[in-house]
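The figures here come from the full heavy-atom set of this structure, side chains too, leaving out hydrogens, waters and symmetry mates. Here, residue 1 is the first one in the sequence, and each next residue gets the next number. Predicted, not measured: the structure shown is a model, and the values here were computed from it.
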Amino acid sequence: MFSRAALLTAQRPLTLVASRSAAAAAAQPAGGAVERRQRPEHPGKVRLGFIPEEWFQFFYNKTGVTGPYTFGVGLITYLCSKEIYVMEHEYYSGLSLGIMAIIAVKKLGPVIAKWADGEIDKIEAEWKEGREAELKVLADAIEAEKKEQWRADGALLLMEAKKENIALQLEAAFRERTMNVYSEVKRRLDYQVECRHVERRLSQKHMVNWIVSSVLSSISPQQEKETLNKCIGDLTALALRVKSA
């Protein structure tokens, strides 16, 4: 456990280390023999599971490659020797828990990771299946909409065909009624012509009967007898001419 006195005591060596490091960095020439490594191209890498790579690069540039490890070991040794960090029963419990945690991570980590990856893949497959199903539904809706548009165009064509059919029916009805009018007019005209013919025949027959009756009434029996004898004589003369010829 840390206390205020322990913190005050720990500030001195840390101050000395920081001042020496600053002096060494100022005294080192710009083109010194110490090779400084560049910062990693991919930030986010860690060492020992929790220490960022940038910290190691910072200490490499200041103290060399072994600087961070020397500083870490020295700091732990100092804290333990000065009893700043007291190793009581909680320390060993924490150490045991840490070892158990590391073993659990090493042994159960791959299994759990495989199981978690499987669950993630399953969830991803379900999401993908749902997405594909939704895309299929939308594609079917688009096809249905196109079909409905095609049907609407067909309905317009059907409407035009119905209009033409109605126009043909009207034309046929007009022609039929015109023919009916023609037939009725012809029948009535034929009736009038037949009536005129009947009237003319009746008039002719009446006139003939009247003339015949008038002529018969004007001929006396003596004239009738003379006319009959004259006819007989003409017939006899005609017969003789025929025989002589």
Side-chain angles (χ1 to χ4, degrees), residues 1-4 6-7 10-11 13-14 17-18 21 25 34-159:
M1 298 176 64
F2 290 99
S3 62
R4 185 177 297 178
L7 291 174
Q11 287 178 355
L14 293 176
V17 172
S21 299
V34 179
E35 182 180 0
R36 296 183 180 181
R37 299 184 181 180
Q38 298 296 329
R39 292 188 177 182
E41 297 180 358
H42 303 285
K45 295 178 61 177
V46 294
R47 293 193 182 186
L48 302 178
F50 65 96
I51 301 177
E53 180 71 20
E54 288 81 0
W55 290 12
F56 281 92
Q57 293 296 330
F58 175 77
F59 281 107
Y60 288 164
N61 295 332
K62 298 297 182 181
T63 62
V65 178
T66 59
Y69 306 102
T70 304
F71 174 74
V73 172
L75 180 61
I76 294 172
T77 303
Y78 175 78
L79 293 175
C80 294
S81 64
K82 295 298 183 177
E83 294 185 356
I84 298 174
Y85 184 79
V86 181
M87 296 182 183
E88 55 185 7
H89 63 281
E90 294 181 357
Y91 167 75
Y92 297 102
S93 298
L95 185 61
S96 301
L97 291 175
I99 294 172
M100 292 174 63
I102 292 172
I103 294 174
V105 169
K106 295 295 184 182
K107 297 295 182 181
L108 301 178
V111 178
I112 297 175
K114 184 177 180 180
W115 173 80
D117 292 338
E119 292 295 326
I120 292 173
D121 293 338
K122 187 184 297 184
I123 295 172
E124 185 178 359
E126 292 178 357
W127 288 356
K128 187 176 180 180
E129 183 179 359
R131 178 174 174 273
E132 291 178 354
E134 186 175 359
L135 289 176
K136 186 176 183 301
V137 170
L138 294 177
D140 294 339
I142 292 172
E143 292 297 330
E145 182 64 25
K146 290 181 179 180
K147 186 177 292 184
E148 291 298 328
Q149 292 179 1
W150 174 75
R151 289 179 179 175
D153 295 337
L156 294 177
L157 295 176
L158 181 61
M159 187 64 66

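Sorted by first and then second residue, the salt bridge (charged side-chain N to carboxylate O under 4.0 Å, His left out) pairs with a member in residues 99-116 form an empty list; sequence neighbours excluded.
Once rounded to the nearest 0.5 Å, the distance linking OH of Y92 with CG of L97 reads 14.5 Å. For the atom pair E145 CD and E143 CD, the distance stands at 11.0 Å (nearest 0.5 Å). Once rounded to the nearest 0.5 Å, the distance linking CD of E132 with CD of E129 reads 7.5 Å. We find the CG-CG distance between D140 and L135 to be 11.0 Å, quoted to the nearest 0.5 Å. Going from atom CD of E126 over to atom NZ of K122 covers 7.5 Å, rounded to the nearest 0.5 Å. One distance of note links CD1 of I120 with CH2 of W127; it measures 9.5 Å at 0.5 Å rounding.
Using a 4.5 Å heavy-atom cutoff, the side chains of E124 and D121 are in contact.
No more than 12 heavy atoms of other residues, nucleotides or ligands sit less than 6.0 Å from atom CD of E134.
Of the candidates T70, I76, T77, T77 is the only one forming a side-chain contact (heavy atoms from CB on, under 4.5 Å) with V73.
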